[in-house]
Amino acid sequence: MTFLLQSTLSRLKEKVRTIPDFPEKGVLYRDITPLIGDGQFFRLVMTIFLERYQRRKIDKIAAIDARGFIFAGALAHILGIGLIPIRKKGKLPFQTFESEYASEYGVNTLTIHRDAVERGEQVLILDDVLATGGTAEAAAKLVERCGGTLVELGFLIELRELKGKERLRRYPIYSILQFP
Ligand SMILES: O=P(O)(O)OC[C@H]1O[C@H](OP(=O)(O)OP(=O)(O)O)[C@H](O)[C@@H]1O
Ligand SMILES: Nc1ncnc2[nH]cnc12
């Protein structure tokens with residue numbers, strides 16, 4: 001993004017803490033709590049997302065449980081756009097569609113309310129981390145199952161070696177920070 005200096009992105013990256021062997025052995029966990037715990041850096045992230053999405057036609061923002069809620073909620077608020085929670089199974093009270101998936105460290109099921117999207121609506125999906133892409137793919141399928149059209153899948157962080165972008169090649173993908 002043209003308005004961003006490389007040094008700014010480097011400082012943002014330094015606010016992501018890396019924890020080896022969490023939640024299981026072999027995983028290098030990228031912990032965003034130091035970043036979102038600093039108001040200036042959190043605002044910087046939201047400014048970057050805002051700059052990217054404020055001129056796009058977006059009807060709804062879908063947020064992936066749980067860390068995706070942080071960024072999607074803030075962006076939906078700034079843009080005045082409705083928010084769709086995509087939640088882990090057993091949390092949504094109305095009729096749902098479900099999609100099972102495997103992530104870097106677990107198998108789970110995501111759900112969406114069947115009436116969350118109106119046919120043809122343009123939906124942006126936001127989450128904090130793109131790793132293997134299993135979670136994001138399940139979320140994208142749910143939005144499509146409801147009749148929505150994906151504008152893009154946006155992430156704070158892409159973990160490149162886990163090749164999520166290749167898995168999601170049929171969708172537009174954007175990430176602010178890339179780790180090797
Ligand atoms: O690309 P993948 O390999 O599928 O992994 C990425 C997902 O993993 C993390 O969520 P997690 O399941 O840890 O849930 P949380 O947000 O509740 O911590 C992260 O927030 C993404 O949603
Ligand atoms: N390595 C990782 N760090 C943080 N969140 C993740 N979600 C999937 N893999 C992750």
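Order of appearance sets the numbers: ligands from 1, and atoms from 1 within every ligand. As the structure is a prediction and not an experimental result, all values here were calculated from the model.
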Determine whether Y174 and F49 make a side-chain contact, defined as any pair of heavy atoms from C-beta on separated by less than 4.5 Å. yes
Report the nearest protein non-hydrogen atom to atom 10 (O) of ligand 1: residue, atom name, distance rounded to 0.1 Å. R67 NH2, 3.5 Å
Does ligand 1 have an atom under 4.0 Å from some heavy atom of Y101? no
Identity and separation of the nearest protein heavy atom to atom 21 (C) of ligand 1: D127 OD2, 3.2 Å
Nearest 0.5 angstrom please: L35 CG to I157 CD1, how far? 7.5 Å
Among all protein heavy atoms, pick the one closest to atom 3 (O) of ligand 1 and tell me residue, atom and distance. T132 OG1, 2.6 Å
Quick test: of every protein heavy atom, which one is nearest to atom 7 (C) of ligand 1, and how far off is it to 0.1 Å? T135 OG1, 3.5 Å
Among non-hydrogen protein atoms, atom 14 (O) of ligand 1 lies closest to K88 NZ, 2.8 Å
Would you mind checking which non-hydrogen protein atom is closest to atom 13 (O) of ligand 1, with the distance to 0.1 Å? Y105 OH, 2.5 Å
Number the atoms of ligand 2 from 1 as they appear, then name those within less than 4.0 Å of a heavy atom of R67, with their elements. 4 (C), 5 (N)
Would A131 count as a polar contact of ligand 2, with the cut-off being nitrogen or oxygen pairs under 3.5 Å? no
Testing the 3.5 Å rule here: is there a donor-acceptor pair between the side chains of T96 and R114? no
Identify every side-chain donor-acceptor pair in residues 144-156 under 3.5 Å, counting partners at least two apart or on other chains, and give the distances.
residue	atom	partner	partner atom	Å
E144	OE1	R170	NH2	3.4
E144	OE1	Y171	OH	3.1
E152	OE1	R52	NE	2.8
E152	OE1	R52	NH2	3.4
E152	OE1	Y53	OH	2.5
E152	OE2	R52	NH2	3.0

Among non-hydrogen protein atoms, atom 6 (C) of ligand 1 lies closest to V129 O, 3.5 Å
min-distance protein heavy atom vs atom 6 (C) of ligand 2 -> Y105 OH, 3.4 Å
A66 N/O under 3.5 Å from ligand 1 N/O: yes
Best match, I64, I70, D128, L110: closest heavy atom to atom 19 (C) of ligand 1: D128
Is it true that G164 lies under 4.0 Å from ligand 1, counting heavy atoms only? no
Using heavy atoms and a threshold below 4.0 Å, how should the contact between N108 and ligand 1 be classified: side chain, backbone, both, or neither? neither
Considering the options T132, L130, V129, which one meets the side chain to side chain contact (heavy atoms under 4.5 Å, CB included) requirement together with L159? V129
Protein residue, atom and distance nearest to atom 9 (N) of ligand 2, heavy-atom basis: E104 OE1, 2.5 Å
Residues, nucleotides or ligands: over 12 heavy atoms within 6.0 Å of E118 CD: no
How does L159 reach ligand 2, if at all, at less than 4.0 Å between non-hydrogen atoms: by side chain, backbone, both, or neither? side chain
